[in-house]
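Position 1 is the first residue of the sequence, and the numbers go up from there. Computed from a prediction, not measured in an experiment: that's the story for all the values here. In listed order, ligands and their atoms are each counted from 1.
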Amino acid sequence: MRTIHSLKELRTILRGYRRQGKTIGLVPTMGNLHEGHISLVRKAVESADIVVTSIFVNPMQFGASEDLATYPRTLAEDQEQLEAAGNTLVFAPSADEIYPEGLAQQTRVVVPEVSDGHCGASRPGHFEGVATVVTMLFNMVQPDLAVFGEKDYQQLAVIRKMVRDLMVPVEILGGPTVREEDGLAKSSRNGYLNEQERAIAPAVYRTLKTTAEKLTNGRTDFRTLETEAEKALSEAGLRPDYFNIVNSLTLKPATESDRDLTLLVAAFLGTTRLIDNLSVSR
Ligand code: PAF
């Protein structure tokens with residue numbers, strides 16, 4: 001497995017693979033890899049001949065008061081895990097390589113509607129940063145397929161729409177959320193939790209499951225269910241950002257006629273913001 005920092009080198013190597021008729025899979029990440037990421041890499045390895053995992057902590061998707069400076073950078077450990085998972089190339093560019101003229105001068109990609117609400121409302125500009133860097137990664141790697149985690153449900157919806165609208169010739173695959181034994185979704189940000197917060201954190205998934213059960217038992221008072229879920233999170237010691245029951249495709253508030261619903265949640269434990277989701281069909 002090779003690690004490449006320059007776009008020029010990446011393009012030269014990938015051109016060689018393409019000439020040999022190899023298919024290319026991309027797994028975009030911000031590093032600090034855990035089993036969730038590795039499951040995406042394994043999925044890419046099963047589906048493509050060559051797998052490129054990008055590791056880039058993308059400044060454009062962080063708000064001014066967010067954790068860009070402290071986001072864990074663990075390249076050596078990441079490389080070890082990727083090698084074991086059968087990854088072919090690690091692309092770990094610097095911010096100067098990706099944004100040579102700086103963020104203010106950068107052309108951006110805006111994905112309307114699906115970027116609004118939920119995390120988009122709490123983190124203005126976040127999905128613009130994600131859509132921009134992912135478009136650039138697609139142009140740099142020109143993969144046949146790319147794999148993203150379903151844990152970031154709204155992000156996956158934004159990327160699917162962006163690919164559809166801009167007619168990007170790439171197949172998007174989603175990988176299921178990987179959880180700790182107590183249900184907490186694996187996330188690089190779990191490492192920020194202290195012992196007491198870590199003990200509270202499984203309440204996020206518990207609340208998703210309880211609400212999903214109420215839905216499958218026939219409740220359709222969605223707004224009341226959202227309020228009940230936020231109350232349960234608060235009582236467990238979290239500070240809910242939102243708990244929204246939405247149409248799984250549009251991400252708009254669920255209505256009685258919707259059959260496929262997704263429960264989206266974001267909640268704070270101290271300064272750590274956890275997100276998770278669960279889909280139910282009625
Ligand atoms: O999900 C992430 O880690 C990031 O948002 C992504 C897709 C790598 C873009 O920076």
R179/D276 salt bridge by N-O under 4.0 Å criterion: yes

Among all protein non-hydrogen atoms, which one is nearest to atom 3 (O) of ligand 1, and what is the separation to 0.1 Å? M30 CG, 3.5 Å

Are any of the N/O atoms in Q155 less than 3.5 Å from those in ligand 1? yes

Find all atoms of ligand 1 within a distance of less than 4.0 Å from any non-hydrogen atom belonging to Q61, and give their numbers and elements. 4 (C), 5 (O), 9 (C), 10 (O)

Could you report the tightest heavy-atom contact between N58 and G129, atom names first, then the distance? ND2-O, 3.0 Å

Measure the spacing between CD1 of I172 and CZ of F138 and express it to the nearest 0.5 Å. 3.5 Å

State the atoms of ligand 1, each with its element, that fall below the 4.0 Å cut-off from a heavy-atom position in P28. 8 (C)

What part of T29, side chain from CB on, backbone N/CA/C/O, both or neither, has a heavy atom under 4.0 Å from ligand 1? backbone

With a 4.5 Å limit on heavy-atom distance, are the side chains of L233 and F243 in contact? yes

So if I count the atoms of ligand 1 from 1 in the order they appear, which ones are less than 4.0 Å from some heavy atom of V133? 9 (C), 10 (O)

State, to 0.1 Å, how close K214 and L225 come at their nearest heavy-atom pair, and which atoms those are. CD-CD2, 3.5 Å

